[in-house]
K.L.:
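Below: one structure in structure tokens.
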Amino acid sequence: VITYNSAIAACASGGDWKKAGQLIDEMRRKGLKPDRYSYTSAIHACSKAGNPLEALRLLRAMDANNVTPDVIAMTACMDALAAGGKWSEAIMILDQMRSKGVTPNERTYKAAIQACGRGGQWQRALELLSRLENRASGATVQEYNCAMMACVTGGEPGRALDLLEQMKANKGGVNAGPDMVTYTSAIMACSSTGKWDRALSLLEEMREAGPRTQPNVRSYTAAIAACGRARKWEEAVALHSKLMEDGLSPDPASFNAVIRAARRGGQHKLSMKLLASMVESGLSPDAVTTGELISSLSDRGRWDEAQRVVQIAEKTGAIPP
RNA sequence: GCUUGACUAGUC
């Protein structure tokens with residue numbers, strides 16, 4: 001059984017949900033009983049492959065075969081559902097845990113909050129967060145972060161910023177103080193409402209708030225995007241330089257953000273220069289970069305060049321053909 | 001470091 005489980009775990013790493021399911025069937029044919037590990041790994045494979053319904057099916061199969069799902073199996077299934085935005089199914093499992101006497105842990109709540117966030121249910125996400133806060137163990141920074149993201153993607157950036165304040169107040173409360181992810185999400189909240197200056201001051205605050213909040217490339221990228229959306233291309237370019245002065249390495253996403261900011265500011269030449277320096281840095285343009293370049297050329301009516309870009313991008317694999 | 005199982009953020 002353990003040999004099979006190792007093989008299924010390997011399928012999970014590769015996201016090969018079909019093979020994982022086949023291995024479980026094969027175990028049965030040979031008279032072996034798949035256990036919790038077998039099923040959880042198979043569920044994990046579905047999660048990585050973005051197949052929430054198969055994950056749900058496996059959880060039920062587990063139950064039907066008298067392998068009682070435990071908190072890990074159920075949470076793994078909720079993670080798969082969360083990735084697909086299947087919030088009502090995720091909450092159903094949470095409720096089932098209650099009735100079956102399985103105690104949910106922080107990861108379980110995190111999965112439920114994420115499911116609501118991805119499903120556009122920010123109110124329910126906040127509701128789950130406060131339920132967790134009222135438990136003896138309390139909520140950790142990660143659950144707060146997921147709730148913040150739920151607010152940002154749900155079009156409630158003000159509530160995300162409220163959570164940041166709440167977390168700052170929690171500071172003595174050990175594991176619920178803001179971290180780098182918290183601040184990055186807060187910067188995204190500002191970005192969505194055009195508050196580029198607030199985004200910049202949050203970035204500055206991060207640098208001064210201690211070792212757990214030092215900005216990384218993603219924090220900078222979010223701030224660059226905030227400036228870009230507000231048509232502040234000069235600030236965006238300055239941030240991109242500052243990122244490197246800080247000893248951080250730009251990556252395709254950070255370049256995409258600054259290239260887009262330049263284009264939004266009408267700085268086509270600058271965006272081309274940035275694209276060139278991206279390639280000089282040894283970074284490969286991706287699908288987003290390609291889209292940017294095509295938009296930039298189209299803006300200026302250079303349709304045939306845009307066509308050629310599409311062909312080249314297909315050849316190099318930057319975009320699917 | 002791994003030693004049969006689960007979890008958070010950036011550009012579009």
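Each chain gets a letter, A, B and so on, in the order the sequences are listed, and its residues count up from 1.
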K.L.:
Verify whether the ring centers belonging to A/H240 and A/Y220 lie closer than 6.0 Å.
P.N.:
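No; A/Y220 has its ring centre 6.0 Å or more from that of A/H240.
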
K.L.:
What nucleotide among B/G5, B/U4, B/A9 has an atom nearest to a side-chain atom of A/D70?
P.N.:
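Between B/G5, B/U4, B/A9, the one nearest the side chain of A/D70 would be B/G5.
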
K.L.:
Compare side-chain N and O positions of A/H44 against OP1 and OP2 of B/G5 and report whether any pair is under 4.0 Å apart.
P.N.:
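No, outside the criterion.
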
K.L.:
On the side chain of A/S41, is there an atom forming a donor-acceptor pair with the base of B/G5 - under 3.5 Å, no angle test?
P.N.:
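Answer no: no donor N or O sits under 3.5 Å from an acceptor.
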
K.L.:
Looking at A/L275, A/L239, A/L274, A/L270, which one forms a side-chain contact (heavy atoms from CB on, under 4.5 Å) with A/V258?
P.N.:
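Exactly one pass, corresponding to A/L274.
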
K.L.:
Measure from the side chain of A/V288, starting at C-beta and using heavy atoms only, and say which of B/G5, B/G10, B/U11 lies closest.
P.N.:
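Output: B/U11.
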
K.L.:
Go through B/G5, B/A9, B/G10 for me and flag the one nearest to the A/V217 side chain.
P.N.:
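Nearest nucleotide to the side chain: B/G10.
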
K.L.:
Can you identify which nucleotide, out of B/C12, B/A6, B/G5, has its nearest atom closest to the A/R264 side chain?
P.N.:
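Looking only at side-chain atoms, A/R264 lies closest to B/C12.
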
K.L.:
Compare the minimum distances between each of B/A6, B/A9, B/U11 and the side chain of A/A225, then state the nucleotide with the smallest one.
P.N.:
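Comparing B/A6, B/A9, B/U11 against the side chain of A/A225, the answer is B/U11.
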
K.L.:
Ignoring hydrogens and angles, answer whether the base of B/G5 and the side-chain atoms of A/N5 contain a donor-acceptor pair closer than 3.5 Å.
P.N.:
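When only heavy-atom distances are counted, A/N5 does not reach the base of B/G5 through any donor-acceptor pair under 3.5 Å.
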
K.L.:
Tell me which nucleotide among B/U11, B/A6, B/U8 gets nearest to the side chain of A/N256.
P.N.:
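The closest nucleotide is B/U11.
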
K.L.:
Could you tell me the separation between the CG atom of A/N51 and the P atom of B/A6, rounded to a whole number of Å?
P.N.:
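In whole Å, B/A6 P and A/N51 CG are 18 Å from each other.
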
K.L.:
As a test of reading the structure: which of B/U4, B/U8, B/A6 is closest to the side chain of A/I72, going by heavy atoms?
P.N.:
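Closest nucleotide among those given: B/A6.
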
K.L.:
Over how many whole Å does the gap from A/K33 atom NZ to B/U4 atom C1' extend?
P.N.:
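Checked: the NZ to C1' distance equals 19 Å.
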
